[in-house]
Asker: 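First the structure, which I've put down as structure tokens, then a few questions once you've had a look.
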There are 2 protein chains.
Amino acid sequence: MLTDRQRMILNAIVDDYIRSAEPVGSRSISKRGDVGFSPATIRNEMADLEELGFLEQPHTSAGRIPSHKGYRYYVDHLTQSFSLNPAELHMMKTFFAEKLNAMEQMIQHAASILSQMTNYTSILLGPEVFHTSLRHFQLLPLHENQAVAIIVTSTGQVENKTVSIPPGVSVSDLERVVNLLNSKLVNVPLYKLKTRLYTELGQEMQRHIEHYEEIMSMLDIALDNQPDHRVYLSGTTNMLNQPEFKDVEKVKDIFELLEQTPLLTKLMAPAPGEQGIQVKIGTENTHEAISNCSLITATYSIDGKALGTIGILGPTRMEYARVIGILNILSHDLTKLLSHWYK
Amino acid sequence: MLTDRQRMILNAIVDDYIRSAEPVGSRSISKRGDVGFSPATIRNEMADLEELGFLEQPHTSAGRIPSHKGYRYYVDHLTQSFSLNPAELHMMKTFFAEKLNAMEQMIQHAASILSQMTNYTSILLGPEVFHTSLRHFQLLPLHENQAVAIIVTSTGQVENKTVSIPPGVSVSDLERVVNLLNSKLVNVPLYKLKTRLYTELGQEMQRHIEHYEEIMSMLDIALDNQPDHRVYLSGTTNMLNQPEFKDVEKVKDIFELLEQTPLLTKLMAPAPGEQGIQVKIGTENTHEAISNCSLITATYSIDGKALGTIGILGPTRMEYARVIGILNILSHDLTKLLSHWYK
DNA sequence: GGTTAGCACTCGATGACGTTGAGTGCTAAC
DNA sequence: GTTAGCACTCAACGTCATCGAGTGCTAACC
């Protein structure tokens with residue numbers, strides 16, 4: 001579709017623009033050295049590339065900037081795989097050495113490392129609930145009428161919730177209920193817990209346990225784990241360092257988006273069946289607030305099942321090669337680490 | 001120190017400036033109606049107030065804006081106690097009705113309500129660890145060499161941490177350890193846990209438990225709860241709506257500060273002995289990034305012991321009366337709610 | 001003596017205008 | 001096919017005049 005020379009020039013323009021954030025002219029491309037043609041020749045090619053929709057001109061007498069289509073082409077034809085410098089490799093290695101952390105802290109830590117390395121905003125979605133199951137259930141009385149319900153999942157996460165103990169229910173009643181649940185519901189996926197509670201345990205509990213109704217409604221609350229991903233953010237302020245966001249109005253929408261967990265989850269959700277790195281450029285993102293941003297995501301998984309998503313959000317003018325390289329490493333390492341953890 | 005009329009005029013200026021964010025002139029004050037003097041008279045008083053340091057002039061031919069000293073005077077002499085409208089009262093009432101939430105969620109929720117009501121940024125510090133004690137300790141094995149340690153505190157918070165089980169230690173060993181801890185350490189303040197573990201339990205454990213050394217070092221990790229406050233933020237984007245922060249450079253410093261938990265903790269820490277509402281205006285704050293901001297804080301407590309802090313961060317041009325009113329209500333209600341919860 | 005009307009003065013904000021320079025498109029020469 | 005040359009475009013920037021909100025001061029008024 002494009003000639004070799006056009007590809008070279010397009011690459012040079014995107015590279016330059018990523019670095020400078022300013023429209024690039026034919027002269028500066030010619031001067032770079034890696035494209036050995038005069039400005040005039042490059043101008044001709046640039047005009048062609050613009051006609052083909054790969055470049056845009058902010059105004060007549062300015063240089064060119066890549067269009068979304070241009071970025072897309074650039075990303076799809078990225079050849080040089082990005083390599084980290086020793087200091088950065090060390091940073092990632094030491095991170096994975098500290099695997100004794102609880103999963104949650106580990107993910108938060110991963111988010112902050114990502115944002116530090118890339119200078120963009122990092123977004124991590126915690127493990128999907130669909131693939132985690134119940135390992136242990138516990139009810140700890142706090143007072144005579146309140147208790148903490150604790151759910152330990154197969155991934156080692158601990159969820160807890162305060163519930164009211166219905167009047168008339170004794171501690172030994174609760175113990176019996178807890179034992180019953182643990183014997184019947186362990187290893188059941190979290191999202192099936194409540195239906196199983198009713199279908200399999202309903203009758204047995206009705207027979208053996210007093211105050212059946214009240215206890216069931218208490219368990220209903222206790223097992224009502226939020227099915228949304230946990231979202232971990234880091235480096236949101238990095239957004240403010242980008243010249244394209246020197247206008248507060250533009251950042252505001254983005255920041256508001258970042259505060260809304262469900263929207264983020266939707267944006268980060270991998271297209272079904274997709275594995276590996278995904279790049280969404282500008283308007284390819286479904287939300288208007290980030291139509292000037294690119295979102296690069298990678299999934300991490302266990303036994304081939306996608307568990308969660310890592311993402312980097314930055315301006316469309318993003319260091320694609322570098323970010324993709326980093327995400328690649330991190331998602332693989334996370335996958336390996338979790339497999340080891342999970343057994 | 002100030003005449004009645006001066007006080008009236010100062011009040012009027014601060015009020016107007018808080019609303020409009022623009023220097024106020026003598027004519028507009030005169031037109032308000034509540035100060036029944038001509039612009040000329042008001043101009044004279046304004047000149048005096050400026051000489052006394054309560055007002056400032058951005059440039060010769062502009063109106064006046066309050067100086068930090070002016071805000072301070074305004075705040076110290078706030079008379080009309082602010083009252084909420086019915087819708088807002090309802091918002092707070094319903095919030096406190098949902099007390100079945102776990103404490104953590106409750107605090108996060110309180111933060112978001114605060115920021116919604118005030119349109120500023122809200123900062124909440126969770127309960128101090130000093131005043132909470134151990135209610136229950138639990139070790140749940142995940143695999144043969146890993147377990148989750150769960151600490152339930154007297155305030156109903158649940159902390160958890162993953163630890164490695166030393167090789168050779170059996171499940172029954174662990175059970176014995178857990179029982180011992182629960183019988184001896186319940187109601188001990190969290191920050192004393194580890195010393196008590198060594199002083200009181202060391203000998204007994206050494207006698208009854210195999211692998212003493214390894215188990216102790218495991219418990220050392222398990223009980224190593226982080227002593228810093230948890231920080232809950234909400235409405236950080238509200239900062240971007242303030243005209244004084246239309247310049248990205250100014251917001252950046254503030255946002256960076258908001259990301260640093262320890263600094264925030266220090267800023268929010270109440271002066272020793274102080275109870276109730278505290279207002280820190282501009283440079284009264286110890287951190288330079290918020291020298292154009294005011295921070296209003298209130299403590300919530302149990303039995304007179306300060307447990308945590310609620311704060312609102314906004315521009316020096318802040319709706320002091322309103323914010324103070326809201327913080328007053330919320331801190332009292334939180335105190336009441338926690339006392340009830342805590343018993 | 002306190003209050004106010006009147007008036008000259010100040011100075012940021014706004015907009016018109018010219019200049020500058022980076023960059024283009026086109027043509028003609030190589 | 002490539003490149004040098006040149007006229008053209010247009011945002012950015014600086015200058016300048018205008019405008020108007022607001023002041024300080026003086027003199028008149030109650």
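As the structure is a computational prediction, the values presented were derived from the model and not from experiment. Numbered from 1 within each chain, the chains take letters A, B, ... in sequence-line order.
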Asker: Pair B:Ser294, B:Tyr320 - check side-chain hydrogen bond (donor to acceptor under 3.5 Å, both in side chains), show working.
Answerer: CA-CA 9 Å; B:Ser294 283; B:Tyr320 293 96; 2.8 Å; yes

Asker: In terms of side-chain heavy atoms, does A:Ser115 have a donor or acceptor partner in A:Ser234 at a distance below 3.5 Å?
Answerer: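 A donor-acceptor contact under 3.5 Å links the two side chains.
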
Asker: Identify, with sequence neighbours excluded, every residue that meets salt bridge (Lys or Arg N to Asp or Glu O under 4.0 Å) alongside B:Glu50.
Answerer: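 Applying salt bridge (Lys or Arg N to Asp or Glu O under 4.0 Å) to B:Glu50 gives B:Arg64.
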
Asker: Any side chain to side chain donor-acceptor pair (under 3.5 Å) pairs touching residues 21-30 of chain A, not counting sequence neighbours?
Answerer: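 Of all non-adjacent pairs touching residues 21-30 of chain A, those that pass side chain to side chain donor-acceptor pair (under 3.5 Å) are A:Ser26-A:Arg43.
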
Asker: Is NZ or CZ of B:Lys69 both nearer than 6.0 Å to the six-membered ring centre of B:Phe54 and within 45° of the ring axis?
Answerer: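 So B:Lys69 does make the cation-pi contact.
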
Asker: Please give me every residue in residues 50-68 of chain A whose heavy atoms get under 4.0 Å of an atom in DNA chain D, ordered by residue number.
Answerer: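 Heavy-atom contacts with DNA chain D come from A:His59, A:Thr60, A:Ser61.
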
Asker: Both distances under 3.5 Å, Watson-Crick or G-U wobble: on that basis, could you give the dot-bracket string for DNA chain C, with [ ] for crossing pairs and | for other-strand partners?
Answerer: ||||||||||||||||||||||||||||||

Asker: Rounded to the Å, how far apart are B:Ile42 CD1 and D:dG24 C1'?
Answerer: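 Result: 15 Å.
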
Asker: Scan residues 231-244 of chain B for pairs that pass salt bridge (Lys or Arg N to Asp or Glu O under 4.0 Å), counting only residues two or more places apart or in two chains.
Answerer: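 Salt bridge (Lys or Arg N to Asp or Glu O under 4.0 Å) check on residues 231-244 of chain B returns B:Glu244-B:Arg317.
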
Asker: Pick from B:Leu114, B:Ile123, B:Thr297: which one makes a side-chain contact (heavy atoms from CB on, under 4.5 Å) with B:Ile310?
Answerer: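 The residue from B:Leu114, B:Ile123, B:Thr297 that satisfies side-chain contact (heavy atoms from CB on, under 4.5 Å) with B:Ile310 turns out to be B:Leu114.
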
Asker: Which pairs with one or both residues in residues 6-26 of chain A pass ring pair (Phe, Tyr, Trp, His ring centres under 6.0 Å), sequence neighbours excluded?
Answerer: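 Passing the test, one end in residues 6-26 of chain A: no pairs.
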
Asker: Report yes if at least one side-chain N or O of A:Ser38 is closer than 4.0 Å to OP1 or OP2 of D:dT2; otherwise report no.
Answerer: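 Checking D:dT2 against A:Ser38, no side-chain N or O comes under 4.0 Å of OP1 or OP2.
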
Asker: Restricting to side chain to side chain contact (heavy atoms under 4.5 Å, CB included), what partner residues turn up for B:Thr283, sequence neighbours left out?
Answerer: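 Side chain to side chain contact (heavy atoms under 4.5 Å, CB included) check on B:Thr283 returns B:His68, B:Ser291.
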
Asker: List the residues meeting side chain to side chain contact (heavy atoms under 4.5 Å, CB included) with A:Lys252, not counting sequence neighbours, and say none if there are none.
Answerer: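 Testing A:Lys252 for side chain to side chain contact (heavy atoms under 4.5 Å, CB included), a comparison that skips the adjacent residues, returns A:Glu249, A:Glu256, B:Leu240, B:Asn241.
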
Asker: Does B:Asp76 have any side chain to side chain contact (heavy atoms under 4.5 Å, CB included) partners at least two apart in sequence or in another chain, and if so, which?
Answerer: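 Once residues adjacent in sequence are excluded, the partners of B:Asp76 under the side chain to side chain contact (heavy atoms under 4.5 Å, CB included) criterion are B:Arg72.
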
Asker: Could you work out, with side chain to side chain contact (heavy atoms under 4.5 Å, CB included) as the rule, every residue matching A:Ser38, not counting sequence neighbours?
Answerer: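 Result, side chain to side chain contact (heavy atoms under 4.5 Å, CB included) vs A:Ser38: A:Ala40, A:Thr41.
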
Asker: I'd like a table of atom pairs between the protein and nucleotides 25-30 of chain D - only N or O on both sides, under 3.5 Å - with the distance next to each one.
Answerer:
none

Asker: Does B:Leu313 reach the side chain of B:Leu258, with side-chain heavy atoms less than 4.5 Å apart?
Answerer: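 With C-beta onward as the side chain, the pair touches.
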
Asker: When you measure from every atom of DNA chain D, which of residues 12-36 of chain A have a heavy atom less than 4.0 Å away?
Answerer: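 Of all residues in residues 12-36 of chain A, none places a heavy atom under 4.0 Å from DNA chain D.
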
Asker: OP1, OP2 of C:dG2 versus side-chain N and O of B:Arg5: anything below 4.0 Å?
Answerer: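 For C:dG2, OP1/OP2 do not have a side-chain N/O of B:Arg5 under 4.0 Å.
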
